> 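Starting off with a structure, shown below.
Small disclaimer: the values here were computed from a predicted structure and weren't measured. FYI, side chains are in, hydrogens and waters are out, and symmetry mates aren't considered; it's all heavy atoms of this structure.
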Protein chains: 2
Amino acid sequence: MEKQQTDKRTAIMQAAMELIAEQGLHGTPTSQIAQKAGIGVGTIYRYFKDKDELIGAIHEQVHGQFVETFIENYAPQQPVRENYLRIFTALIRLFIANPFEIKFIEQFYNSPYGVAKKRAQEVECEKPLFAFFNQGKDQQVIKDLPFEILLGLSLGPLIFLARDHLNGFVDLNDQTIAALVGANWDAIKR
Amino acid sequence: MEKQQTDKRTAIMQAAMELIAEQGLHGTPTSQIAQKAGIGVGTIYRYFKDKDELIGAIHEQVHGQFVETFIENYAPQQPVRENYLRIFTALIRLFIANPFEIKFIEQFYNSPYGVAKKRAQEVECEKPLFAFFNQGKDQQVIKDLPFEILLGLSLGPLIFLARDHLNGFVDLNDQTIAALVGANWDAIKR
DNA sequence: CGGTCCGGAGTGAACGCTCAGTCCGTTATA
DNA sequence: TATAACGGACTGAGCGTTCACTCCGGACCG
């Protein structure tokens, strides 16, 4: 049954992601992952070499979702401002609709080996965003700041507030999201 | 020797903060803290009931530094914009001048019991900032957004970019800091 | 003043426990 | 029945915490 195999693999990843999101990388033992996934501990090691590989696989999947959301919402021929508002509205919606995913990513990047992973991948994976900001700079509608600063100005508030929203410190509805993304645009527009 | 007593306590806290900043809460054993502080493992427990109390003490100290920086740079009688630029420039300078402190705080708030601590303290400790943003809203120079959103727009990019700076992904010098804080102001100003 | 005693800071081997990962008996499949 | 998938008791490493002990500077005798 290849179907079952995939099912178990998915179940393990889902269980691990949810537990790590709430308890942290070091706070979730494999025994707990197995219990939540409804399988035995040993089964985890039939699908993943070790815990690191499991965590890496989850990261890759979640990261893929984020990149996909960007690509789906990017229409190069449209004005930069419209693209910006659409993309980052979609992103924060994605963040708060998938609480486990975003919390997992935070745990991942705050762990020692998350930094290493980022250093290796970043250049490659953020290329589309890089190109998008350059387009805006060329058209003189976005401030002439280094890419990383523009990224920080855009992503920083989103991540900060997505976490606050998920912790119940603030309520992000359609109205506040629109205001937030609009304010973000004010920060980077010329 | 009362002097020595304080010295050891400080040495333990400093060693623990630096190690936790780089290895995470669960990644730093007490044995390593003791070694770095140049003391025996047992000595830690002469000054702190357990590891949690040690971590709590470090958090309180670092948090105090941040609040202090805000208070030192807040001049209520001056224009809101000047205050904003001065305060948040000082804050990001503090962040990147104290790499261990900011990394420790991130580790702390990403741990399960950091959230609980925040929930309990936040209302109290962010009062001065709350008042400051309200002053700006009253004078109609700051957008009429919920306090938490304004906080996210201001602190989000700072934390995001401070981390990137400390990880070597971006270089924050006087010029880029000024541009960053300026862009932040554009985000929240009316 | 020399010698003894003593309180408490400091220590690290040892303990109980939890973890990631293994291994082999059991179960399901074909 | 043969083969592959699975489960969970088990293992050794490593953790936070403890506690019996050492050490030393000052108090107190004779």
Side-chain angles (χ1 to χ4, degrees), chain A residues 1-60 104 107-108 110-114 116-117, chain B residues 1-60 104 107-108 110-114 116-117:
Chain A
M1 292 273 155
E2 307 83 30
K3 181 73 176 300
Q4 267 233 1
Q5 279 190 27
T6 329
D7 282 357
K8 293 231 162 136
R9 205 186 133 93
T10 308
I12 292 166
M13 287 175 68
Q14 187 67 29
M17 188 186 63
E18 295 184 13
L19 288 168
I20 290 169
E22 297 191 331
Q23 305 176 353
L25 244 38
H26 293 271
T28 63
T30 47
S31 58
Q32 211 178 344
I33 294 170
Q35 199 188 350
K36 179 147 191 168
I39 52 144
V41 184
T43 309
I44 293 172
Y45 295 88
R46 296 200 56 76
Y47 295 96
F48 304 95
K49 197 179 114 276
D50 53 21
K51 207 186 177 186
D52 278 6
E53 194 180 285
L54 166 59
I55 291 165
I58 298 170
H59 168 257
E60 207 136 326
F104 171 88
Q107 294 289 349
F108 182 82
N110 272 93
S111 79
Y113 92 113
K117 194 113 187 176
Chain B
M1 293 278 156
E2 308 83 32
K3 182 73 175 302
Q4 268 233 0
Q5 279 191 27
T6 329
D7 282 357
K8 294 237 160 129
R9 207 186 132 92
T10 308
I12 293 166
M13 287 175 69
Q14 187 66 30
M17 188 186 63
E18 296 184 12
L19 288 169
I20 290 170
E22 297 190 331
Q23 306 176 351
L25 243 38
H26 293 271
T28 61
T30 48
S31 57
Q32 212 179 341
I33 294 170
Q35 199 187 350
K36 179 148 191 166
I39 52 146
V41 185
T43 309
I44 293 172
Y45 294 87
R46 296 202 59 76
Y47 294 96
F48 303 95
K49 198 180 114 276
D50 52 22
K51 206 185 177 186
D52 277 7
E53 196 180 284
L54 166 59
I55 290 164
I58 299 170
H59 168 259
E60 208 136 325
F104 172 87
Q107 294 289 350
F108 182 81
N110 271 92
S111 79
Y113 91 113
K117 194 113 188 179

> In whole angstroms, how far is the P atom of D:dC6 from the CZ atom of A:R9?
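Rounding to the nearest Å, CZ of A:R9 and P of D:dC6 are 13 Å apart.
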> Treating primed atoms plus P, OP1 and OP2 as sugar-phosphate and everything else as base, which nucleotides of nucleotides 16-21 of chain D get B, S or - for protein heavy atoms under 4.0 Å?
BBB---
> Starting at atom NZ of A:K8, determine the distance to atom P of C:dA28, rounded to an integer number of angstrom.
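For the pair A:K8 NZ and C:dA28 P, the rounded distance is 10 Å.
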> Should B:Y47 and B:M13 be marked as a side chain to side chain contact (heavy atoms under 4.5 Å, CB included) after you check the CA-CA gap, both sets of side-chain angles, and the distance that decides it?
CA-CA 10 Å; B:Y47 294 96; B:M13 287 175 69; over 6 Å; no
> Determine the contact category for B:I39: base if any of its heavy atoms lies under 4.0 Å from a base atom, sugar-phosphate if only primed atoms, P, OP1 or OP2 are that close, otherwise nothing.
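Touches sugar-phosphate only.
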> Check the phosphate of D:dA5 against A:Y47, side-chain N and O only, distance under 4.0 Å to OP1 or OP2. Yes or no?
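Checking D:dA5 against A:Y47, no side-chain N or O comes under 4.0 Å of OP1 or OP2.
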> Roughly, in whole Å, what's the span from CZ in A:R46 to C1' in D:dT3?
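Distance check: A:R46 CZ to D:dT3 C1' gives 12 Å.
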> Take atom CG of A:D7 and atom C1' of D:dA5, then tell me their distance rounded to the nearest Å.
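For the pair A:D7 CG and D:dA5 C1', the rounded distance is 14 Å.
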> Check side chain to side chain contact (heavy atoms under 4.5 Å, CB included) between B:Q35 and all other residues, then give those that pass, not counting sequence neighbours.
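For B:Q35 there are no side chain to side chain contact (heavy atoms under 4.5 Å, CB included) partners, ignoring immediate neighbours.
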> Measure the distance from CD on A:Q23 to P on C:dC19 and round it to the nearest whole Å.
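Those two atoms, CD and P, are 10 Å apart.
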> Give the minimum heavy-atom separation between A:I58 and A:A16, together with the two atoms involved.
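Nearest pair, atom of A:I58 first, then A:A16: CD1-CB, 3.6 Å.
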> Please list all pairs passing the salt bridge (charged side-chain N to carboxylate O under 4.0 Å, His left out) test where one or both residues lie in residues 20-32 of chain A, with sequence neighbours left out.
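Applying salt bridge (charged side-chain N to carboxylate O under 4.0 Å, His left out) to every pair that reaches into residues 20-32 of chain A, excluding sequence neighbours, yields nothing.
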> Hey, which of these two, A:T43 or A:G27, hits DNA chain C nearer its 5' end, going by closest nucleotide?
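The answer here is A:G27.
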> Using the test side chain to side chain contact (heavy atoms under 4.5 Å, CB included), find all partners of B:Q14 that sit at least two apart in sequence or belong to another chain.
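Only B:M17, B:E18 meet the side chain to side chain contact (heavy atoms under 4.5 Å, CB included) criterion with B:Q14.
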> Where is the tightest heavy-atom contact between B:Y45 and B:T30, given as atom of each residue plus distance?
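Smallest heavy-atom distance, with atoms named: OH-CG2, 3.5 Å.
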> Using whole Å, what does the distance between atom P of nucleotide D:dG8 and atom CD1 of A:I44 come to?
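Atom-to-atom, A:I44 to D:dG8, this comes out as 12 Å.
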> Minimum heavy-atom separation for A:I33 and A:A15, please, with both atom names.
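Closest approach of A:I33 to A:A15, heavy atoms only: O-CB, 3.9 Å.
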> Please give me the minimum heavy-atom distance between B:I20 and B:Q107, naming the atom from each residue.
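Between these two residues, the closest heavy atoms are O-CG, 3.5 Å.
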> Which heavy atom in A:T43 sits nearest to a heavy atom in A:I12, and how many Å separate them?
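Closest approach of A:T43 to A:I12: O-CD1, 4.3 Å.
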> Polar atom pairs between nucleotides 24-26 of chain C and protein, under 3.5 Å, N or O only, would you list them?
none

> In whole Å, I'd like the distance from the CD atom of A:Q32 to the C1' atom of C:dC19.
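So the two atoms are 12 Å apart, to the nearest Å.
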